[in-house]
Visitor: 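Pasting a structure below so you can have a look.
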Amino acid sequence: MNIYVSNLSFHTTEETLKTLFAQYGNVSSVRLITDKFTGSPRGFGFIEMSSEEEGNAAITGLNNKDVEGRSLAVSVARPKPDNNTSGRRW
DNA sequence: ACTGAGCGG
């Protein structure tokens, strides 16, 4: 279950998200998108959970949640484009 | 090296 989370504080780290999402299910992976030059968290990231139900529970529970002074924006991540092995084929 | 809409590897 790929989950997209944004509107994070610039001080928010992976462990913070990990702790928050772990409350609603098993977090498979946590990836914070960092800047290329400064290496600081850009304010958004991706969360992978073990199951879809846990992901929905995390989204429902953590969306618009106040974290470090910012309201989290949690939603389902978009499918990434692929050369030819990607879902819809038209 | 920075800042506030946002979808990465």
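The basis for the numbers below is simple: all heavy atoms, side chains too, and nothing from hydrogens, waters or symmetry mates. In what follows, every chain begins at residue 1, and chains take the letters A, B, ... in the order their sequences are listed. Bear in mind the structure is a predicted one, so any value in this text is a computation, not a measurement.
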Visitor: Check the distance between B:dG4's C1' and A:Glu68's CD and give it to me in whole angstrom.
Guide: 15 Å

Visitor: Any pair with a residue in residues 50-62 of chain A that passes salt bridge (charged side-chain N to carboxylate O under 4.0 Å, His left out), sequence neighbours left out, goes on the list, sorted by first then second residue, please.
Guide: none

Visitor: Please report the distance, rounded to the nearest Å, between CG in A:Leu72 and P in B:dG4.
Guide: 19 Å

Visitor: Taking the side chain of A:Phe10 as its heavy atoms from C-beta onward, which of B:dC7, B:dG6, B:dG4 lies nearest to it?
Guide: B:dG4

Visitor: Anything under 3.5 Å between a donor and an acceptor, one on a side chain of residues 63-75 of chain A, the other on a protein residue two or more places apart or in another chain? List them.
Guide:
{"from": "A:Asn63", "atom 1": "OD1", "to": "A:Val74", "atom 2": "N", "distance (Å)": "3.0"}
{"from": "A:Glu68", "atom 1": "OE1", "to": "A:Thr12", "atom 2": "N", "distance (Å)": "3.2"}
{"from": "A:Glu68", "atom 1": "OE1", "to": "A:Thr12", "atom 2": "OG1", "distance (Å)": "2.9"}

Visitor: How many Å lie between NZ on A:Lys36 and P on B:dT3, as a whole number?
Guide: 15 Å

Visitor: Would you kindly give the CZ-to-P distance between A:Arg31 and B:dG6, to the nearest whole Å?
Guide: 22 Å

Visitor: Roughly, in whole Å, what's the span from CZ in A:Arg70 to P in B:dG6?
Guide: 17 Å

Visitor: Classify A:Ile3 by what it touches in the nucleic acid, base, sugar-phosphate, or nothing, heavy-atom distance under 4.0 Å.
Guide: nothing

Visitor: What is the distance from CZ of A:Arg78 to P of B:dC7, rounded to the nearest Å?
Guide: 6 Å

Visitor: Which pairs count as ring pair (Phe, Tyr, Trp, His ring centres under 6.0 Å) when at least one residue sits in residues 45-70 of chain A, sequence neighbours excluded?
Guide: A:Tyr4-A:Phe46

Visitor: Rounded to whole Å, please give me the gap between CG in A:Asn7 and P in B:dT3.
Guide: 17 Å

Visitor: Could you tell me the separation between the CG atom of A:Leu32 and the P atom of B:dG8, rounded to a whole number of Å?
Guide: 14 Å

Visitor: Excluding sequence neighbours, so at least two apart, what forms side-chain hydrogen bond (donor to acceptor under 3.5 Å, both in side chains) with A:Glu14?
Guide: none

Visitor: Which residues in residues 42-59 of chain A have at least one heavy atom lying under 4.0 Å from any atom of DNA chain B?
Guide: A:Arg42, A:Gly43, A:Phe46

Visitor: Taking for each residue the nucleotide of DNA chain B with the nearest heavy atom, is it A:Thr34 or A:Gly39 whose nucleotide lies nearer the 5' end?
Guide: A:Gly39

Visitor: Taking syn as any angle within 90 degrees of 0 and anti as the rest, which one fits B:dG6?
Guide: syn

Visitor: I want to confirm an ordering. Mapping A:Ser40 and A:Ile33 to their closest nucleotides on DNA chain B, which one lands closer to the 5' end?
Guide: A:Ser40

Visitor: Using a side-chain heavy atom cutoff under 4.5 Å and only I, L, V, M, F, W and Y, what cluster partners does A:Phe37 have?
Guide: none

Visitor: Counting C-beta onward and ignoring hydrogens, is there a side-chain heavy-atom pair between A:Ile3 and A:Met49 closer than 4.5 Å?
Guide: yes

Visitor: From the options A:Val5, A:Leu8, A:Ile47, select the one residue that forms a side-chain contact (heavy atoms from CB on, under 4.5 Å) with A:Leu32.
Guide: A:Leu8

